[in-house]
Amino acid sequence: MTDTQWPRYMVLHQEQDNKPHQHAGTVHAPDAEMALLNARDVFVRRPDCVSLWVVRADLIFTRTQEELALHPDWLGNIQAAGVPTEIYYVFAKRTQKGQFSHVGEVEAENPAHALKMALQQYPAVDGLVWWVFPAKAVLKSTPDDIEAMFAPAAVKDFRDQANFHALSVLRKLMRKQETSNEP
Amino acid sequence: MYGATVDPIEDIRSDEEKLAEFEARIARGEKIEPGDWMPEEYRRQLIRMISQHAHSEVVGMLPEGAFITRAPNLRRKLILIAKVQDEGGHGQYLYHAAETLGATREEMLEALLSGKAKYSSIFNYPTLSWADMGAIGWLVDGAAILNQTMLAKCSYGPYARAMVRICAEENFHRRQGQDIVITLALGTPEQKAMMQDSINRWWWPTLMMFGPHDTDSPNSAVLIRWGIKTKTNDELRQSFVDQTAPELMALGLTIPDPNLYYDETSGHWHFGEIDWDEFWNVVKGNGPCNAERMATRRQAHEDGLWVREAMAAYAEKDQS
Amino acid sequence: MNPELKQALVDYLLAMADDELILGHRNSEWCGHAPILEEDIAFANIALDEIGHAIVWYELAADVLGEERDTYANRMVYFRDAPDYRNAQMVELPKGDWAFTMLRQYLFDQFEMVRLEKLTQSSYTPLAEAAAKICTEEIYHLRHTQAWVRRLGLGTEESNRRMQTALNELMRYYEQLFSPSLADTLLFEANIVPFQTELMVHTLELIVPFLVEANLIPPRGSNFVGPNDVIYRHEHTEHLNDLLSNLQQVARLDPMAKW
């Protein structure tokens, strides 16, 4: 029998209301609802989250700056075909060491078209890597979930390294030893 | 590979051009991202290293997990569950990083369970007493942090980002370990003896964690050249001894190395030679717990098969 | 509070605490052995929550008795023998397969949710406040376990069969959670805790249709009270002894030592 580890869902989390959603990682889940529940356990073990989104990883269309630079015509060749559009979320990684974060939304006919629209619509964003994915494919936590899903992490203070005093004890002992070693 | 691909973009550069540009990017401190061109060897080394690292986290849940039910007070119990849980989390983040290179978790787990893939040999040593929770937290996690702090700066974006997340959590692991060691070392004579016994057993395997000498490490040069590693095994091992030895000694604990002394001229702690026969023996699968660890992982994997299938079957029915 | 009522309240709190502790302990045994990595992590959270709740109840009992919270909680956990434990038998049974574990957690969560909602109305304010706090974590547990029970009930033939077997087994023990003690009557009359029968009716109203929808058949349908003899809370299966000898092993090496 072949094993299944289930499909992958991309997890995007928001630390505070006024900050954009950022990429956290992925979870393997049989469906979106389970993905959202597991995303909470995998990525919100510590209290820094007000909202979670999950989306099937295979629905994310991505291009790096390198790929785009190699083929400047590629974007130009993408033309609207006049078919119905839908909303796509746009995420980008803007600095070398940075994380992917939410840039905005575009209306587009397909993923490649969405990327083209994103580049036009957000010229000031110097994206090193771009992601676009259909908004309707995203399952989101709701504001009502904050208390049950995210607030409990705050009471688990035993995870907080600041609550361990090992270092101060050690330093004290080492100072004591140094002074006792002096002639 | 994050996901949806439309028409692939054809790369018309020659291999030499690609490699030169790739190495120039690394020299500039840029991060390589999925989708960017990379040498096959870079991809292969990363998948090997990251999946090995992920397996280590997952197998690493077992030796400490064995003491969750026996933790001696409620607070320690919560801490230990949270810690072992974090290790599962770290495995999860790392599998993700390897997945961005095209490896699937199914393949990686298959490689682990069939014995093809390696994981850190340290987890093939048994946990025999509560004091081992202290030694693992302080020594093993302490050693891991040195490696992970380095990897948080590595040239592959997803690996570096996973490491940043892991390092932040790993400090809690080391702190709770130090807390146990301090409590036992300063506790009753029996507790102190228990702690000393644990240090005696874990000290050398921890030093082995950094891997063979750089001269015997076939992958080191290429890993450093491509910015995956920025420090050598021996450099990291020396930092670990410099940092840890005086701290343990300040607690009145003895380090089981007669050749250990502080060398005023170099400003480093000199330590004895590692028993490399033991090292290679454990790597080859003959450590005290290799068979047991794999049997446990295989059992969990097989017991879970019907569960994973049922969940997938439900999802399929629900969609149709 | 008169001494008799005080004792009744302590007994009630200890029973709640012991249930959560032992269930949390059983759940923690999965950490590293779950069917998929994501669930190692998720289920460890549930174990952490349950043990966390146990601590809340032990500490509340300590407050009632005027004892030091942390010392009391640890003494109760590490230095009582099986006959002094007040947990229901359902939570001390070995963890079984994933179906058994998940269904036990669901049944317990639903019972707990119903009880906590009532306890938020308790005339004993510290109890009402603690219940309200714990309630928020339980909402998530219930979401998690319901999601699992539904999927495993409806998943494959094998998963359905395993779930049904687990349900048949668990239902024999479930009833004990609702059997009242004499002391409960005192507490009920003082508006401190809800009436056990009321909890049972309400819980059944919720679980029976849910299980049926998951293609699982409660053994006696909604007629829950069976011919079983009442099991008292000091009565335990042999499994509790094994569990405690493991749980208390290190702590009892030296009861006076700090760990």
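Residue numbers begin at 1 in each chain, while the letters A, B, ... track the order of the sequences. These figures come from a predicted structure and were not determined experimentally.
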Trainee: For D254(C), is there any backbone N or O sitting under 3.5 Å from a side-chain donor or acceptor partner on E190(B)?
Mentor: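 Checking the backbone N and O of D254(C) against the side chain of E190(B), no donor-acceptor pair under 3.5 Å is found.
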
Trainee: Which one of A71(B), S129(B), G187(B) has the most heavy-atom pairs closer than 4.5 Å to chain C?
Mentor: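 When all of A71(B), S129(B), G187(B) are compared, A71(B) has the most.
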
Trainee: Check I81(B) against S28(C) and note the closest heavy-atom contact, atom names and distance.
Mentor: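 Here I81(B) and S28(C) meet closest at CD1-CB, 3.8 Å.
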
Trainee: Can a donor-acceptor pair be found, under 3.5 Å and without considering hydrogens, that links the side chain of R70(B) to the backbone of Q248(C)?
Mentor: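 Looks like no, no N/O pair under 3.5 Å.
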
Trainee: Against chain C, work out which of V307(B), L186(B), T183(B), T69(B) has the most heavy-atom pairs shorter than 4.5 Å and name it.
Mentor: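 That would be T69(B).
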
Trainee: Answer yes or no: is there a donor N or O on one side and an acceptor on the other, between the side chain of K258(C) and the main chain of T188(B), under 3.5 Å?
Mentor: no

Trainee: What part of V59(B) lies closer than 4.5 angstrom to a heavy atom of chain C: side chain, backbone, both or neither?
Mentor: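 Neither; nothing under 4.5 Å.
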
Trainee: Salt bridge or not between R308(B) and E158(C)? Use side-chain N to carboxylate O under 4.0 Å.
Mentor: no

Trainee: Tell me, for L253(C) versus chain B, whether the close heavy atoms (under 4.5 Å) come from the side chain, the backbone, both or neither.
Mentor: side chain

Trainee: Most heavy-atom pairs under 4.5 angstrom with chain B, which of E29(C), E38(C), R162(C), H25(C)?
Mentor: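 Option with the top pair count is R162(C).
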
Trainee: Can you tell which part of R150(C) gets under 4.5 Å to a heavy atom of chain B, answering side chain, backbone, both or neither?
Mentor: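 Answer is both: backbone and side chain atoms of R150(C) are under 4.5 Å from chain B.
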
Trainee: Can a donor-acceptor pair be found, under 3.5 Å and without considering hydrogens, that links the side chain of R75(B) to the backbone of D70(C)?
Mentor: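 Pair absent, no side-chain N/O of R75(B) close to backbone of D70(C).
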
Trainee: Counting heavy-atom pairs under 4.5 Å with chain B, which one of A73(C), S159(C), G155(C), G24(C) comes out on top?
Mentor: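 Looking at each of A73(C), S159(C), G155(C), G24(C) in turn, G155(C) comes out on top.
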
Trainee: Do you know the tightest heavy-atom contact between T156(C) and A313(B)?
Mentor: CG2-CB, 3.7 Å

Trainee: Picking from L247(C), D40(C), N246(C), which has the most non-hydrogen pairs under 4.5 angstrom with chain B?
Mentor: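 Sorted descending by pairs with chain B, the first entry is N246(C).
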
Trainee: Specify which of Q299(B), E64(B), Q191(B) makes the most heavy-atom pairs with chain C at under 4.5 Å.
Mentor: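 If we count pairs closer than 4.5 Å to chain C, Q191(B) comes out on top.
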
Trainee: Is N73(B) close to chain C through its backbone or its side chain, or both, or neither, when contacts mean heavy atoms under 4.5 Å?
Mentor: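 Both backbone and side chain.
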
Trainee: What part of L74(B) gets closer than 4.5 Å to chain C, counting heavy atoms only: side chain, backbone, both or neither?
Mentor: both

Trainee: Could you look at M133(B) and say if it's the side chain, the backbone, both or neither that has a heavy atom under 4.5 Å from chain C?
Mentor: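 Contact with chain C: none, neither part.
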
Trainee: If you count the non-hydrogen atoms of other residues, nucleotides and ligands that lie under 6.0 Å from CD in E213(C), is the total more than 12?
Mentor: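 12 or below, so no.
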
Trainee: Which atoms of A82(B) come close to chain C, meaning under 4.5 Å heavy atom to heavy atom: side chain ones, backbone ones, both, or neither?
Mentor: both

Trainee: If every non-hydrogen atom of M61(B) is compared with every non-hydrogen atom of C31(C), which pair is closest and at what distance?
Mentor: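 For M61(B) versus C31(C), the nearest heavy atoms are CE-SG, 4.1 Å.
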
Trainee: Mind checking which of residues 46-55 of chain C sit less than 4.5 Å from chain B, heavy atom to heavy atom?
Mentor: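 From residues 46-55 of chain C, the residues near chain B are L48(C), I51(C), G52(C), I55(C).
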
Trainee: Do you know which of D97(C), V77(C), L21(C), N74(C) has the most heavy-atom pairs under 4.5 Å to chain B?
Mentor: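 Going by pairs under 4.5 Å, I would pick N74(C).
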
Trainee: Locate the shortest heavy-atom distance separating L62(B) from H33(C); write the atom from each residue and the value.
Mentor: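 In this case the closest contact between L62(B) and H33(C) is CD2-CE1, 3.8 Å.
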
Trainee: I'd like to know which of I41(C), N160(C), I36(C) tops the heavy-atom pair count under 4.5 Å against chain B.
Mentor: I41(C)

Trainee: Report yes if some heavy atom in the side chain of M311(B) is under 4.5 Å from a heavy atom in the side chain of W148(C); otherwise report no.
Mentor: yes

Trainee: Report, as yes or no, whether the 6.0 Å neighbourhood of atom NZ on K133(C) holds more than 12 heavy atoms from other residues, nucleotides or ligands.
Mentor: no

Trainee: Indicate the atoms forming the closest heavy-atom contact of P72(B) with W259(C), along with that distance.
Mentor: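 That closest heavy-atom pairing would be CG-CB, 3.5 Å.
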
Trainee: Whether the N45(C) and Q85(B) side chains hold a donor-acceptor pair (N or O, under 3.5 Å, no angle test) is what I'd like checked.
Mentor: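 Side chains of N45(C) and Q85(B): pair found under 3.5 Å.
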
Trainee: Please give me the minimum heavy-atom distance between L37(C) and G91(B), naming the atom from each residue.
Mentor: CD2-C, 4.0 Å

Trainee: Enter the distance from W306(B):CH2 to E157(C):CD here, rounded to the nearest 0.5 Å.
Mentor: 13.5 Å

